[in-house]
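What follows is a short report on a single structure.
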Amino acid sequence: MSELSRVTKAVRAGINTDPVFGAVVPPIQLSSTYTFSGYDERREHVYSRSSNPTRDLLGKAIAELESGYDGLITSSGTGACLVCVEALLPVGGTLLAPFDCYGGSWRLFDAKARKGHFELRLVDFTDESSWTPAIADQPSLVWLESPSNPLLRVSDIAQIAAAAKAVGATVVADNTFATPALLRPIELGADVVVHSVTKYLNGHSDLVAGAVVAATQDLHTELSWWANALGVTGSALDSYLSLRGLRTFHLRMAAAQQNAAEIADFLVQQPTVRNVYYPGLKTHPSHELATRQQSGYGAIVSFELADEAAAASFLNSTSLFCLAESLGGVESLVSHPATMTHQAVPEALREAAGITPGLIRLSIGVEDVADLITDLSQALANV
Ligand SMILES: *Cc1c(COP(=O)(O)O)cnc(C)c1O
């Protein structure tokens, strides 16, 4: 049979592989430990912190989607980021990261840099004059996040990865926002992809998990060693549920993305909305690059109201859009980056990244789009 498509692989991960009962859905393995078959005779699994059949199945399924060699599953997306910085940065090395990266990633990087583990340098990866000199200084690790959160700025992964490789840096891409349905950074030259599986891959807002996908066997071995040593590998139950979520990932993504495009068009026409940030809009500064680099524009839409008071009125007026952190679930959410996801980022840095007090971020779900637009209309009427 010819090579299966990505969609088929995600739907079919582990299906009909149970040799005992012929179970169609792979059973969950909750055991923390496994018997040795005899003195000094290990089986495939020894202890579930190190490896677990259910978790490993999910890691392999995500790696297939990302065109990676293999993947490991962590207890959160933040745990995935931690594994990368521990494994891939030498003491005294430099981590080059986006100035507008996910708030929790910034907090981790900044705290470890302040402890003296490495040097953190922040640049704007959408501006060549910002990142080119920083890469010339030979960082050990280059961290990419495209499109960025919450303004959806797109950086040229192939170009940056090539420049980073030329100075011997390792390239990690956080692909949580774009997902492998739209973008596969390893195909563009990244060495490692990290995910908050909490978001689109699981897609049902009912667990917290992460993934680290490596392009090569050597990198996977090193990253897995660290995940086990740090004790941040994911649970079997969360992995089982994530695998279930992954089977409908492409369907959910397509439906949410279609809704997002309609909502972006709606928001552009509203007099109280100042700016709409969605890479699918021709007015978005990254529209051209997003069109070239991605196979879709995703399902996150951000927009700006006049000020914090307007944002507060809006946020208190939606009913279908729940005011909550996170994104990527089947249900639509709304958040206020300045006081929520990016609260840990100092105000000056936040302002520089364009995260104003009037900025609102929508995670568009798979509801009927007419209902979502009605909800946004009535909330905007209160601004
Ligand atoms: C949520 C998120 C993370 C962190 O993942 P958790 O599962 O919440 O720990 C990292 N990067 C991005 C882009 C995210 O959206």
Side-chain angles (χ1 to χ4, degrees), residues 13-14 26-34 45-63 65-66 68 70-89 101-112 115 117 141 143 145 149 172-177 179-180 192-214 219-246 249 324-329 340-341 344:
I28 180 171
Q29 298 289 349
L30 290 165
S31 189
S32 61
T33 189
Y34 307 83
H45 302 282
V46 172
Y47 184 58
S48 277
R49 171 164 31 75
S50 317
S51 72
N52 167 279
T54 308
R55 192 173 68 220
D56 294 358
L57 192 54
L58 176 65
K60 286 203 162 34
I62 296 175
L65 287 178
E66 287 288 2
D70 202 349
L72 66 96
I73 301 302
T74 51
S75 53
S76 68
T78 306
C81 299
L82 175 65
V83 167
C84 290
V85 294
E86 292 286 359
L88 305 173
L89 266 167
C101 70
Y102 175 70
S105 304
W106 175 83
R107 180 175 54 199
L108 172 69
F109 300 161
D110 177 64
K112 287 184 78 70
K115 279 202 158 192
H117 295 187
L141 188 59
W143 195 274
E145 201 184 305
N149 176 16
V172 175
D174 183 333
N175 203 28
T176 301
F177 261 53
T179 81
V192 177
V193 163
V194 301
H195 270 282
S196 172
V197 174
T198 315
K199 316 289 170 55
Y200 288 106
L201 298 184
N202 176 58
H204 293 77
S205 305
D206 53 5
L207 59 85
V208 173
V212 184
V213 175
L219 269 173
H220 177 69
T221 303
E222 180 71 4
L223 290 160
S224 300
W225 188 93
W226 275 99
N228 179 51
L230 291 165
V232 298
T233 48
S235 83
L237 182 56
D238 290 345
S239 299
Y240 179 87
L241 290 170
S242 299
L243 197 58
R244 178 160 113 153
L246 199 67
F249 158 62
E325 304 249 1
S326 200
L327 59 111
M340 295 168 70
T341 47

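Predicted, not measured: the structure shown is a model, and the values here were computed from it.
Heavy atoms only, all atoms of each residue included: S105 and C81 are closest at OG-SG, 3.9 Å. Closest non-hydrogen pair, T233 versus N228, comes out as CG2-N, 4.3 Å. The heavy-atom pair separating L108 from T78 by the smallest distance is CD2-O, 4.2 Å. Shown here for L246 and A61, the closest heavy-atom pair between the two residues is CD2-CB, 3.7 Å. For S51 against D56, the heavy-atom pair with the smallest separation is CB-OD2, 3.6 Å. Listed here is the closest heavy atom pair of S239 and I73: OG-CG2, 3.9 Å.
At least one side-chain heavy atom of P180 sits less than 4.5 Å from a side-chain heavy atom of N175. Taking 4.5 Å as the limit, every side-chain heavy atom of D174 sits out of range of all side-chain heavy atoms of C101. Considering only heavy atoms from C-beta on, Y200 comes within 4.5 Å of L327 through its side chain. Residues L88 and W226 have side chains not in contact (no heavy-atom distance under 4.5 Å, counting atoms from C-beta outward). Looking at E66 and H195, their side chains come closer than 4.5 Å, going by heavy atoms from C-beta outward.
Atom CH2 in W143 sits 9.0 Å away from atom CG in L89 (nearest 0.5 Å). Between the CG atom in L241 and the CD1 atom in I28 there is a gap of 7.0 Å [rounded to 0.5 Å]. R55 contributes atom CZ, which lies 9.5 Å from atom OG1 of T74 (distance to the nearest 0.5 angstrom). Atom CG of residue L201 and atom CG of residue L243 lie 11.0 Å apart, to the nearest 0.5 angstrom. Taking CZ of F249 as the reference point, atom CD1 of I62 lies at 9.5 Å (rounded to 0.5 Å). Here the CG atom belonging to L237 is positioned 9.0 Å from the OG atom belonging to S242, to the nearest 0.5 angstrom.
With hydrogens and angles disregarded, a donor-acceptor distance shorter than 3.5 Å links the side chain of T176 to the backbone of S196. A donor-acceptor pair under 3.5 Å is formed between the side chain of E145 and the backbone N or O of Y102.
None of V213, V212, D70 except one satisfies the side-chain contact (heavy atoms from CB on, under 4.5 Å) rule with H220; the exception is D70.
When only modelled atom types and interatomic distance are considered, H45 and Q29 share no side-chain donor-acceptor pair under 3.5 Å. A donor and an acceptor atom, one from each side chain of Y34 and S48, are located under 3.5 Å apart.
Counting heavy atoms of neighbouring residues, nucleotides and ligands inside a 6.0 Å radius, atom CZ of R49 exceeds 12 of them.
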